[in-house]
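Below, chains carry the letters A, B, ... as their sequence lines are ordered, and counting in each starts from 1. Reckoned from all heavy atoms, side chains included, excluding hydrogens, waters and symmetry mates.
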2 protein chains.
Amino acid sequence: MSFTTSEENYIKGIFHLQQETGLVNTNSLAAEMQTRPASVTDMLKKLKSKKLLQYEKYKGFKLNEAGKKAALDVVRKHRLWEFFLVEKLKFDWDKVHPIAEELEHISSEELVQRLDNFLGNPSFDPHGDPIPDKNGKIPVIKQQSLSEIPFKKNVTVSSVGNQTAQMLDMLKHYNIAIGTQLTILKKFEFDGSLEIKVSKQNACIISEQVAKNVFVHDV
Amino acid sequence: MSFTTSEENYIKGIFHLQQETGLVNTNSLAAEMQTRPASVTDMLKKLKSKKLLQYEKYKGFKLNEAGKKAALDVVRKHRLWEFFLVEKLKFDWDKVHPIAEELEHISSEELVQRLDNFLGNPSFDPHGDPIPDKNGKIPVIKQQSLSEIPFKKNVTVSSVGNQTAQMLDMLKHYNIAIGTQLTILKKFEFDGSLEIKVSKQNACIISEQVAKNVFVHDV
DNA sequence: AATAAAATTTAGACAAAACTAAAAATATTA
DNA sequence: TAATATTTTTAGTTTTGTCTAAATTTTATT
């Protein structure tokens, strides 16, 4: 089964929302896709006819197994291309998303498989998000928010919660990226901010809000 | 100025035809694009309104300077991606065309420039066709058909005239690719076929028709 | 429970890119 | 040159994906 770019984008959008909420509703998908509720209804009928959705009028909807597999295929392509752009073409990690949004719709299966091998079958993209394998299996690592880590423990940054341009820009200033090693030196009770050591640089202070959105795992 | 995938494909098709015939006509472009003459007329109006064409009803058409630059941009992207697919992802050179047809429409200029650098700024793609630089400048080498080369002279394959799947399949059997070194051992007057030595392999015989479509340059 | 508000769907329209069939312009040839 | 054939364009339709406005269904509030 193959899909249009528009279908793939909707599938991805539904997948994203249903991971948080289970059932998805029309308005929230319209917001996610930056489109109108009526357009969402149109596409839902199409995806239902392709047997990718459980959907009943007015009752909400979610992807079935076929739909989830289709979503994971797109996510896989997106994240592999992001990895390529950062690791091979040396893009800044906060610049690659819109380009990967285009590349993810290239259809060749063999291309994806060869790209995966060329990149060394990576498990995580440059934002720390897991890359599904060709069967849709997602690698897991146990990770905690930086705000829950005890003092002096060495940890590695594994992903970022709030992947806005603003957040990524901020982390770039702190020299924090996926794979960066951190240690917490002190917590300021006043506002919850943390003094941390980033790799081998001087110590610096990050807000509690930032700390909550930085996820880490053991070294 | 940016273009839709469809516009880019038409621009490329016109560019291809006008290199041989100067002025292009509606029917031949329809054949090239595997579409209907009426669809060609529709698109010509659009491209004319975007000031990419000289076009008068019933009189034929050709790209102006802006149109040619647009065509060269697409050709550049196509050939850089083909190079990537063969050199980095290890695709057979006769399998990459349809994938590059998709990749050539990815819009990021920075992507193309970084890809070019990543690949080492190659001058020729895996079929031996020249890769325009970012200003649209095309590298040239003087090349001759294999059928015009004297005996015993060492030459390198630089491109292939008839890039059909059938031809590329045939050359693969002979172990001939771009960059392969050849020497002509004997010409059979009976049908014009040639006995040649391919790299360090045993001698073999190719038809006159094949020889005419294999272009070579000095070692 | 009745009514108001919100969410969702339907109906109808539009734009892009294609198509078919018919008309118009150009080219060929008898 | 008149008749015929070919090429090209126009006119009108189709498909995909979108939209607005209106109607319908569900949910929330007195």
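- Counting all heavy atoms, side chain and backbone alike, B:Asn175 lies closest to B:Val198 at O-CG1, 3.7 Å.
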Fill in: Derivation of the ring pair (Phe, Tyr, Trp, His ring centres under 6.0 Å) call for A:Phe3 and A:Tyr10
CA-CA 11 Å; A:Phe3 308 106; A:Tyr10 273 96; over 10 Å; no

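- Counting to the nearest Å, the C1' atom of D:dT16 and the CG atom of A:Asp42 are 10 Å from each other.
- Checked against C:dT10, C:dT9, D:dT10, the side chain of A:Lys45 finds its nearest nucleotide in C:dT10.
- Atom CD of residue A:Glu82 and atom CG of residue A:Asp129 lie 8.0 Å apart, to the nearest 0.5 angstrom.
- When the P atom of C:dA18 is taken as reference, atom CD of B:Gln34 falls 13 Å away, rounded to whole Å.
- The stretch residues 10-27 of chain B comes close to DNA chain D through B:Asn25, B:Thr26, B:Asn27, each having a heavy atom under 4.0 Å from the strand.
- For DNA chain D, the neighbouring residues in residues 55-64 of chain B, judged by any heavy atom under 4.0 Å, are B:Tyr55, B:Lys57, B:Tyr58.
- One N or O on the side chain of A:Glu7 and one on the backbone of A:Thr4 form a donor-acceptor pair closer than 3.5 Å.
- Between A:Arg36 and D:dT18, a side-chain N or O to OP1/OP2 separation shorter than 4.0 Å is absent.
- Between B:Ser39 and C:dC19 there is a side-chain N or O to OP1 or OP2 distance below 4.0 Å.
- Taking the salt bridge (charged side-chain N to carboxylate O under 4.0 Å, His left out) definition, one finds that B:Asp92 meets it with B:Lys95, B:Lys172, sequence neighbours left out.
- Whole-Å rounding puts the A:Glu7 CD to D:dT15 P distance at 16 Å.
- If you look at B:Phe84 and A:Phe84, their ring centroids are closer than 6.0 Å.
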Item to complete: Any chance you could lay out the side-chain contact (heavy atoms from CB on, under 4.5 Å) test for A:Thr156 and A:Thr180, step after step, and finish with the verdict?
Response: CA-CA 6 Å; A:Thr156 303; A:Thr180 303; over 6 Å; no

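- A:Glu8 and A:His105 form a side-chain donor-acceptor contact under 3.5 Å, judged by distance and modelled atom types alone.
- Among the atoms of the strands shown, only primed sugar atoms or phosphate atoms (P, OP1, OP2) are found under 4.0 Å from some heavy atom of B:Ser6.
- Protein atom CE of A:Met43 is 14 Å distant from nucleotide atom C1' of D:dC19, rounded to whole Å.
- Whole-Å rounding puts the B:Leu44 CG to D:dT7 C1' distance at 13 Å.
- Taking the six-membered ring where the residue is Trp, the centroids of B:His97 and B:His78 are separated by under 6.0 Å.
- Of the side-chain N and O atoms in B:Thr41, one or more sit less than 4.0 angstrom from OP1 or OP2 of D:dT9.
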